[in-house]
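A short worksheet on the structure shown next.
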Amino acid sequence: VQLQASGGGLVQAGGSLRLSCAASGRTFSTYATGWFRQAPGKEREFVASISVGFTYYADFVKGRFSCSRDSSKNTVYLQMNKLEPEDTAVYYCAAARRGGRWTRVTDYEYWGQGTQVTVSS
């Protein structure tokens with residue numbers, strides 16, 4: 001599975017962005033797909049994930065971010081609302097062959113390149 005993340009950009013605090021993670025190589029609708037982010041000088045951290053039947057979010061994004069999947073497009077989305085300067089980071093999507101509530105970097109076998117999100121104050 002090859003993953004391609006896109007949709008990042010520069011936005012003012014309070015604004016919104018929608019990230020996309022498009023998969024090629026095979027259908028990944030049964031995979032767990034996760035979103036992580038990494039700010040300069042910090043470790044990569046879990047943001048959200050979607051698997052068959054459920055979504056799961058880090059506490060710091062609950063109520064602001066939401067994951068969805070369009071199986072017809074083999075794409076997973078991360079809708080980010082009420083963005084804050086602290087959300088500035090490179091965002092990565094990842095996929096795990098086993099469905100589940102995976103939150104660790106090591107839980108995922110496939111990774112896309114990152115997309116930069118910058119939130120100005």
Joint cluster assignment, [X] & [Y], ILVMFWY side-chain distance < 4.5 Å:
X      : Y     : result
Val105 : Val61 : no
Ile50  : Val1  : yes
Val76  : Leu17 : yes

Checklist entry - Just by modelled atom types, is the Trp102 backbone N or O under 3.5 Å from a matching donor or acceptor in the Tyr108 side chain? => result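 Looks like yes, one N/O pair under 3.5 Å.
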
Item to check | Check: Ala89 main-chain N/O paired with Gln38 side-chain donor or acceptor under 3.5 Å | outcome: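 Absent.
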
Checklist entry - If you draw a 6.0 Å radius around CZ in Arg101, do more than 12 non-hydrogen atoms from other residues or ligands fall strictly inside? => result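 More than 12 heavy atoms, drawn from other residues, nucleotides or ligands, come within 6.0 Å of this atom.
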
Checklist entry - Do the ring planes of Tyr92 and Trp111 sit parallel (below 30°), tilted (30 to 60°) or perpendicular (above 60°)? => result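 Rings of Tyr92 and Trp111: perpendicular, over 60°.
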
Straight-line distance of [X] [atom1] to [Y] [atom2], nearest 0.5 Å:
X      : Y      : atom1 : atom2 : result
Met80  : Arg18  : CE    : CZ    : 11.5 Å
Tyr31  : Ser51  : OH    : OG    : 12.0 Å
Phe36  : Asp107 : CZ    : CG    : 7.0 Å
Gln116 : Arg37  : CD    : CZ    : 12.0 Å
Gln12  : Thr118 : CD    : OG1   : 13.0 Å
Trp35  : Leu19  : CH2   : CG    : 4.5 Å

Specify the closest pair of heavy atoms between [X] and [Y], including all atoms of both residues, with the distance to one decimal.
X      : Y      : answer
Thr88  : Val119 : OG1-N, 2.9 Å
Ser20  : Thr75  : CB-CG2, 4.2 Å
Leu3   : Ala23  : CD2-CB, 3.8 Å
Lys82  : Ser16  : N-OG, 4.3 Å
Ser121 : Ala13  : CA-CB, 4.4 Å

Checklist entry - Pairs in or reaching into residues 49-80: which pass ring pair (Phe, Tyr, Trp, His ring centres under 6.0 Å), with residues at least two apart or in two chains? => result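 As it turns out, the ring pair (Phe, Tyr, Trp, His ring centres under 6.0 Å) pairs with a partner in residues 49-80, which skip direct neighbours, are Phe46-Tyr56.
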
